[in-house]
Amino acid sequence: MQKDTKRNLFVAATYGAVLLLGLLLGQNYADDNRQSGTSTLLPLGLGHTGKVQRMIDLIESNYVDSVEVSRLQDLAIGEIVAQLDPYSEYLYPQAALRQRQALEGSFEGIGIEYYKVNDTLITVGLIADGPAEQAGLRVGDRLIAINGDTIAGVNITEKAIDEKIRGRLGTPVTMSISRNGQALPKPITITRKRVEISSVDAAYIIDSTTAYIKISRFGAKTADDFTQALTQLKKAGAKRLVVDLRENGGGYFDAATALASQFFNDKELLVYTEGAHEARTDYYSTADGLFGTGALAVLIDEQSASASEIVAGAVQDLERGIIVGRRSFGKGLVQEQFGFGDGSALNLTVARYYTPSGRCIQKTYPKNHSIFKSSAPETATVAGTEQSQPSGWQEPQSRHPQRANRPVLTGGGIAPDVWTPVNGLDTSAWYKRIRRGNLIEEYVYGYLAKSVPAYSVENFLEKYNLPDWAYNDFLTYVKTRGITYSAHEARTVKPRICTDMEALLGRFYFGSEAFFRVRNRSDETLAIAINALSGE
């Protein structure tokens with residue numbers, strides 16, 4: 001594989017966020033449009049004899065009943081890929097498109113996020129300067145009809161709604177709106193455009209010298225978004241930095257290396273890849289980073305995967321900063337996407353990646369050994385511990401081939417330098433039931449969120465706390481949904497639910513950054529990281 005194809009490498013295993021972003025922006029969730037007939041046979045090239053393709057040809061030509069050839073192909077590919085690893089996957093055309101658009105950071109849509117409450121769609125977010133906002137749509141608007149078809153008060157699926165909103169670039173969509181309890185005199189017409197999405201959810205100064213940046217995924221523009229945000233924060237006096245990679249499932253390989261480069265001087269080994277058909281390739285920092293000096297903390301958790309682990313692994317192995325949180329997901333495999341003519345694609349694992357000290361942090365997974373030619377990988381010793389390495393593994397050439405002062409912990413995922421416990425409130429069975437039922441969102445958007453207040457985001461962050469009557473009213477609402485609770489449960493979980501509601505209101509009124517700023521006020525992991533950076 002040539003180096004210029006490395007940009008196509010995927011290291012994300014979880015694409016739930018991709019589906020959500022597609023929904024938020026009116027992307028197509030319709031069933032995949034699959035072509036049929038002999039002209040759409042995919043060049044499978046499976047095996048030296050082409051046996052699978054030959055079998056499909058025979059079935060098409062000779063089987064007693066007519067069959068959908070494209071469906072046979074999908075089944076065959078899916079079954080073959082299932083024998084490999086958890087991250088190789090076959091994507092139908094629409095799934096491949098959604099994944100690519102999410103990681104590229106742009107969509108063709110109107111830039112609206114909505115939430116369904118009591119058969120009514122409420123606008124809960126707008127992309128800044130996006131088509132919907134430019135056309136006059138506001139947060140809090142209730143959608144009554146789309147293109148003349150009533151959608152409020154009727155049992156309509158999200159798929160059907162999306163089909164009404166989506167359309168070709170440059171075409172209009174009309175929406176009838178109820179605002180502050182009154183129907184607007186005429187529909188709002190929105191022209192579908194390309195909408196840009198930043199992967200930096202929040203970037204702000206916590207105190208006089210400590211900056212915080214939250215990154216949701218590693219897309220094509222993540223490094224640029226991060227650099228732009230960090231430049232502004234440094235101008236504001238930031239000398240210490242907390243990078244939050246919690247719940248970040250990964251993304252593009254080169255986005256991870258480009259972002260990690262900002263923390264190092266030139267030509268530091270950040271990561272390397274190797275596979276049965278991939279010679280070892282080393283990836284170094286390029287030029288002196290924007291934050292090459294200064295106290296640095298990276299936050300991770302169980303959902304921090306792949307690209308997030310590349311950044312955390314480089315920071316940890318090269319002793320550039322501290323890793324705070326809980327052990328990361330453990331995905332050390334790299335995928336490359338191969339496209340087919342009908343828009344479908346194969347995300348195929350082509351290599352493993354290794355941190356600068358030589359660790360592969362891939363967690364174990366069931367493996368069908370009958371299909372692999374070679375035996376189990378050889379074992380090599382890295383930084384005083386044993387772990388599996390591919391045949392022919394060599395000690396990485398780095399200025400810091402081993403950790404000097406702190407032990408390297410192998411096994412699945414990145415083990416943090418400073419561990420933080422799971423919040424006990426998150427494990428509450430009652431709280432989990434509330435979260436699974438989306439009751440907090442339903443209550444906030446259905447009963448609490450009103451028109452945007454006249455006061456500023458600073459006043460909201462400093463002074464607003466959920467009143468007791470609102471929490472008590474929420475408890476009543478929970479009972480109407482069939483979820484009972486004890487007085488002890490209601491009292492114990494109250495701080496967490498109040499924070500959740502305050503954060504949602506902050507986001508509703510002032511955008512994504514306000515959500516994280518509210519939530520971070522009581523974030524124990526963040527507080528521990530700040531104290532660690534302060535030397536406390």
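All figures in this text were calculated on a predicted structure; none of them were measured in a lab. When a residue number appears, it is its place in the shown sequence, counting from 1.
- With sequence neighbours left out, the side-chain hydrogen bond (donor to acceptor under 3.5 Å, both in side chains) criterion links R194 to S106, E108.
- In this structure, the ring pair (Phe, Tyr, Trp, His ring centres under 6.0 Å) partners of Y464, at least two apart in sequence or on a different chain, are F460.
- Taking the side-chain contact (heavy atoms from CB on, under 4.5 Å) definition, one finds that Q232 meets it with K235, sequence neighbours left out.
- R433 is linked by a salt bridge (charged side-chain N to carboxylate O under 4.0 Å, His left out) to nothing, counting only residues two or more places apart in sequence or in another chain.
- Remark: Y115 pairs with Y445 by the ring pair (Phe, Tyr, Trp, His ring centres under 6.0 Å) rule, at least two apart or across chains.
- Looking at E502 and R521, a side-chain N of the basic residue comes within less than 4.0 Å of a carboxylate O on the acidic one, giving a salt bridge.
- Counting all heavy atoms, side chain and backbone alike, Y354 lies closest to C360 at CE2-CB, 3.3 Å.
- Residue pairs meeting the salt bridge (charged side-chain N to carboxylate O under 4.0 Å, His left out) criterion with at least one partner in residues 196-206, sequence neighbours excluded, are E196-K221.
- The side-chain contact (heavy atoms from CB on, under 4.5 Å) search around L448 returns Y443, V444, L466, W469, A470, M501, L505, not counting sequence neighbours.
- Listed by chain and residue number, D301, E302, T420, V422 satisfy the side-chain contact (heavy atoms from CB on, under 4.5 Å) test with R326 (two or more places apart in sequence, or in another chain).
- Interatomic distance, CG of N347 versus CD of Q99, reported as 4.5 Å (0.5 Å rounding).
- In this structure, CD1 on I127 lies 3.5 Å from CD1 on I197, to the nearest 0.5 angstrom.
- For the ring pair (Phe, Tyr, Trp, His ring centres under 6.0 Å) test, residues two or more places apart in sequence or in another chain that qualify with Y212 are Y204.
- Summarising the geometry of A312 relative to I323, their closest heavy-atom pair is O-CD1, 3.6 Å, with the distance given to 0.1 Å.
- Between E441 and R435 there is a salt bridge, since a side-chain N of the basic residue sits under 4.0 Å from a carboxylate O of the acidic one.
- Listed by chain and number, the residues in a salt bridge (charged side-chain N to carboxylate O under 4.0 Å, His left out) with D288 amount to none (sequence neighbours excluded).
- Applying the side-chain hydrogen bond (donor to acceptor under 3.5 Å, both in side chains) criterion to D85, with sequence neighbours excluded, gives S88, T349.
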*For the pair F508 and F510, evaluate ring-ring contact (aromatic ring centres under 6.0 Å, His included) and give the outcome as yes or no after the intermediate values.*
CA-CA 6 Å; F508 182 85; F510 302 109; 10.0 Å; no
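- Between L461 and A514, the shortest heavy-atom distance links the atoms CD2-O, 4.2 Å.
- Formation of a donor-acceptor pair under 3.5 Å by the N248 side chain with backbone atoms of I215 is found in this model.
- A salt bridge links K494 to D468: at least one charged side-chain nitrogen sits closer than 4.0 Å to a carboxylate oxygen.
- Looking at residues two or more places apart in sequence or on another chain, you find a side-chain contact (heavy atoms from CB on, under 4.5 Å) between T286 and S261.
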